[in-house]
Visitor: 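Dropping the structure in here first, questions after.
Throughout, numbering of the chain's residues begins at 1 and tracks the sequence. Computed from a predicted structure; not experimentally measured.
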Amino acid sequence: MATIDDKKVNLVKSLYYKDGLSMTEVSAKLGVSIDAVCYFMRRHHLSRRSPSESNRVSYLKKELSFHIKSNLTANQKILKTIGAVLYLCEGYKADKSHGIDFANCDPEMAVIFTRFLRTICGVDEKRLRVLLYCYSNQDTKELLNFWSRKIAIPKKQFSKPYVRNDYKIAKLNKMPYGLVHIRYSDKKLLAVVRKWISEFKQEYAPVV
């Protein structure tokens, strides 16, 4: 079995710790087996990453699914601000979230937010998902058609609607179009939007 020269300890450290390569990637880089890498690391007392650390490294190395627009026009800067503020008010921002999740029953707000995702965030259209939330007295098929046209997302990218049976007559006009969750599964985009929100808070509502 081919071994790794002891003089390459700094190289192995750099590849594994600095560049974030996996042991398999290190073995391929050096032209040796993964067993040779394991043996070398044990012999030089180089600690291996924990599962959580490995997940973090994989997350950081993962290619972005979106392209944030730079050199914004005046109107685009306004759209960026509006989009971030809308998400501050109506978006799911918890750390455990898998990405963007914006909920609203106002068609115009949904249009503005999807425009924000497309124009400012440069999202991948195929990764957009929508969940319709409505009541059993509403025409689900008609609502799906309405929202698909309104926000220009194909119905095949809609999840199975969530239909509630416990509606009250007094509230029938509260959500005439139901409510939609507009989702984009990418934690890195959520981190970007949260950063924008934090920056706006610091600028316009600084802690005294």
Side-chain angles (χ1 to χ4, degrees), residues 58-167 171-200:
S58 296
Y59 168 74
L60 293 174
K61 289 170 61 179
K62 189 176 181 181
E63 185 178 355
L64 297 179
S65 69
F66 56 93
H67 302 282
I68 302 297
K69 184 175 179 57
S70 58
N71 301 319
L72 302 180
T73 65
N75 284 339
Q76 289 170 343
K77 289 178 181 178
I78 293 173
L79 178 60
K80 175 184 173 181
T81 303
I82 293 174
V85 172
L86 279 176
Y87 202 76
L88 170 63
C89 299
E90 305 289 352
Y92 189 64
K93 300 171 284 294
D95 290 335
K96 64 181 180 180
S97 174
H98 294 296
I100 295 293
D101 187 343
F102 172 80
N104 211 281
C105 61
D106 186 325
E108 279 64 44
M109 294 301 100
V111 169
I112 292 173
F113 190 73
T114 51
R115 184 180 175 190
F116 161 75
L117 290 178
R118 288 166 169 142
T119 305
I120 306 303
C121 302
V123 298
D124 178 353
E125 288 284 338
K126 295 179 181 178
R127 293 181 60 142
L128 286 168
R129 294 292 182 270
V130 184
L131 169 66
L132 170 65
Y133 174 104
C134 62
Y135 292 105
S136 58
N137 69 305
Q138 295 175 298
D139 188 328
T140 305
K141 184 177 180 180
E142 184 177 318
L143 290 178
L144 287 172
N145 288 332
F146 170 80
W147 284 108
S148 180
R149 290 193 306 269
K150 195 71 178 177
I151 57 181
I153 296 178
K155 285 187 290 182
K156 65 182 180 181
Q157 291 174 223
F158 280 60
S159 305
K160 182 179 179 180
Y162 179 83
V163 181
R164 289 186 59 169
N165 294 308
D166 59 338
Y167 65 89
K171 295 185 177 181
L172 290 184
N173 295 321
K174 293 264 182 172
M175 295 196 309
Y177 304 104
L179 175 147
V180 288
H181 283 262
I182 299 171
R183 293 169 172 167
Y184 191 80
S185 184
D186 194 318
K187 288 184 177 181
K188 289 187 177 182
L189 180 56
L190 174 60
V192 170
V193 175
R194 289 175 63 183
K195 179 175 178 290
W196 290 342
I197 290 172
S198 177
E199 290 171 349
F200 290 137

Visitor: Just so I know, are the side chains of Ile112 and Leu79 near enough to count as touching, which here means a heavy-atom distance under 4.5 Å?
Guide: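 They are in side-chain contact.
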Visitor: Under the side-chain contact (heavy atoms from CB on, under 4.5 Å) rule, collect the residues that match up with Glu125, sequence neighbours excluded.
Guide: Arg118, Leu128
Visitor: Counting neighbours of CZ on Arg115 that are heavy atoms of other residues, nucleotides or ligands and sit closer than 6.0 Å, is the number greater than 12?
Guide: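 Incorrect, the count does not exceed 12.
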Visitor: With a 4.5 Å cut-off on side-chain heavy atoms, are Leu144 and Thr140 touching?
Guide: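 Contact flag for Thr140/Leu144 side chains = yes.
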Visitor: Enumerate the residue pairs fulfilling ring pair (Phe, Tyr, Trp, His ring centres under 6.0 Å) with a member in residues 146-165, sequence neighbours excluded, ordered by first and then second residue.
Guide: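 Qualifying pairs, neighbours excluded: Tyr133-Tyr162, Phe146-Tyr177.
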Visitor: Would you say the side-chain atoms of Lys93 pair up with the backbone N or O of Leu88, donor to acceptor, closer than 3.5 Å?
Guide: yes
Visitor: Which residues pass the ring pair (Phe, Tyr, Trp, His ring centres under 6.0 Å) test with Tyr184, sequence neighbours left out?
Guide: none
Visitor: Of all residues at least two apart in sequence or in a different chain, which pass the side-chain hydrogen bond (donor to acceptor under 3.5 Å, both in side chains) check with Ser70?
Guide: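 Partners of Ser70 under the side-chain hydrogen bond (donor to acceptor under 3.5 Å, both in side chains) test: none.
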Visitor: I'd like to check the side-chain hydrogen bond (donor to acceptor under 3.5 Å, both in side chains) partners of Glu142; sequence neighbours left out, ordered by chain and number.
Guide: none
Visitor: Is there a side-chain contact between Gln157 and Val130 in this structure, where contact means two heavy atoms from C-beta onward sitting under 4.5 Å apart?
Guide: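 Not touching, per the 4.5 Å side-chain cut-off.
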Visitor: For Asn75, which residues count as a side-chain contact (heavy atoms from CB on, under 4.5 Å) partner, sequence neighbours excluded?
Guide: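 Asn75 satisfies side-chain contact (heavy atoms from CB on, under 4.5 Å) with Thr73, Ile78 once adjacent residues are dropped.
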Visitor: Apply ring pair (Phe, Tyr, Trp, His ring centres under 6.0 Å) to Tyr87 and list each qualifying residue two or more places apart in sequence or on a separate chain.
Guide: Phe113
Visitor: Quick one: list whatever passes side-chain contact (heavy atoms from CB on, under 4.5 Å) with Val85, sequence neighbours left out.
Guide: Thr81, Cys89
Visitor: With sequence neighbours excluded, what pairs up with Asn145 under the side-chain hydrogen bond (donor to acceptor under 3.5 Å, both in side chains) test?
Guide: Lys155
Visitor: Report the residues that fulfil side-chain contact (heavy atoms from CB on, under 4.5 Å) with Leu64, sequence neighbours left out, ordered by chain and then residue number.
Guide: Phe66, Lys188
Visitor: Measure from the side-chain N and O atoms of Thr114 to the backbone N and O of Val111, and report whether any donor-acceptor pair falls under 3.5 Å.
Guide: yes
Visitor: Considering residues at least two apart in sequence or located in another chain, which fulfil the ring pair (Phe, Tyr, Trp, His ring centres under 6.0 Å) criterion with Tyr92?
Guide: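 Ring pair (Phe, Tyr, Trp, His ring centres under 6.0 Å) check on Tyr92 returns nothing, list empty.
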Visitor: Looking at side-chain heavy atoms only, is the closest gap between Met109 and Glu90 below 4.5 Å?
Guide: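 Met109 does not reach Glu90 side chain to side chain.
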Visitor: In chain order, what residues pass the side-chain hydrogen bond (donor to acceptor under 3.5 Å, both in side chains) check against Arg194, with sequence neighbours excluded?
Guide: Asp95
